[in-house]
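Here's the structure, in structure tokens; my notes come after.
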There are 2 protein chains.
Amino acid sequence: MNNSLKDLRAERGWSQAHLAELLDVSRQTVISIENGKYDPSLPLAFRIARVFGQPIEAIFQEDEA
Amino acid sequence: MNNSLKDLRAERGWSQAHLAELLDVSRQTVISIENGKYDPSLPLAFRIARVFGQPIEAIFQEDEA
DNA sequence: TTTAAAGGTAAAGCACGCTTTACAAAGGAG
DNA sequence: CTCCTTTGTAAAGCGTGCTTTACCTTTAAA
């Protein structure tokens, strides 16, 4: 799974720490998701979508075959 | 997280075993998600959405406050 | 030059997502 | 009644999602 978290966050001028607060997760979690270490849980994906005002499918993309 | 998996599956007349095959997961996984034992991973949520031809947000709903 | 903010890595620990195997109960078909 | 399908539970095992703490590097401001 790819995601555009880093871009969306940059567009808004938010730090990783600030985004982590908005999402109610640790800064480590934001770093790990942005850098593709793992995918968020579904509930967290919903919070991310809400924070950025976009559908989940607009932020996360399945790896192409 | 609530989901309408059971209804969507019933509408199509599929067994849990058949849906599990379509999603490439075990039958146990389908049962557990339908019965709310846990939420699917994000990649699996994408496959579920694709199988039913609906956006993730149409199938899964965050618990209301 | 010192300080602070921002991004990153590492490692240990816990809970959850998913697997496999096995067993059980209910309903319909023969 | 017997057989098969469907749904469900239980339990053990593995990898991942997320946490906390600690430390490092780069950049910019005082």
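Chain identifiers are assigned alphabetically (A, B, ...) following the order of the sequence lines, protein sequences preceding nucleic acid strands; residue numbering begins at 1 within each chain.
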Starting at atom CG of Asp39(B), determine the distance to atom P of dT16(D), rounded to an integer number of angstrom. 19 Å
Nearest-Å distance for atom pair CD/P, residues Gln16(A) and dT27(D): 16 Å
Any donor-acceptor N/O pair under 3.5 Å between dT20(C) base and Gln28(B) side chain: no
Is any side-chain heavy atom of Phe60(A) closer than 4.5 Å to one of Pro40(A)? yes
Between Glu21(A) and Arg27(A) (salt bridge meaning N to carboxylate O under 4.0 Å), is one present in this structure? no
Using 4.0 Å as the upper bound for N to carboxylate O, is an ion pair formed by Arg47(B) and Glu62(A)? no
Tell me the interatomic distance from Leu5(B), atom CG, to dG8(D), atom P, rounded to whole angstroms. 12 Å
Send over the distance from Ile33(B) CD1 to dC18(C) C1', rounded to a whole Å. 9 Å
Quick check: on DNA chain C, is the nucleotide nearest Asn35(A) upstream (toward 5') of the one nearest Ser26(B), or the reverse? Name the residue that is more 5'. Asn35(A)
If you look at every strand shown and take non-hydrogen atoms under 4.0 Å, does Ser15(A) touch a base, only sugar-phosphate, or nothing? sugar-phosphate
Glu34(A) CD to dT9(C) P, in whole Å, measures 11 Å
Separation of atom CG in Leu19(A) from atom P in dG7(C), rounded to whole Å: 10 Å
Judged by nearest nucleotide, the residue sitting upstream toward the 5' end of DNA chain C, Arg27(B) or Arg47(B), is Arg47(B)
When the nearest nucleotide of DNA chain D is assigned to Pro43(B) and to Lys6(B) on a heavy-atom basis, which residue is associated with the more 5' position? Lys6(B)
Find which nucleotide of DNA chain D each of Ser41(A) and Ala17(B) is nearest to by heavy atoms, and output the residue with the more 5' nucleotide. Ala17(B)
For dC18(D), take OP1 and OP2 only and decide whether either is under 4.0 Å from a side-chain N or O of Lys37(A). no
Is the shortest heavy-atom distance from the side chain of Asp39(B) to the side chain of Pro43(A) under 4.5 Å? yes
For residues Ile48(A) and Asn3(A), determine if any side-chain heavy atom of one lies less than 4.5 Å from a side-chain heavy atom of the other. no
Ignoring backbone atoms, establish whether Thr29(A) has a side-chain N or O less than 4.0 Å from OP1 or OP2 of dC18(D). no
Value in whole Å for how far the P atom of dA10(C) lies from CD1 of Ile31(A): 12 Å
Rounded to whole Å, how long is the line connecting atom OH of Tyr38(B) with atom C1' of dT16(D)? 13 Å
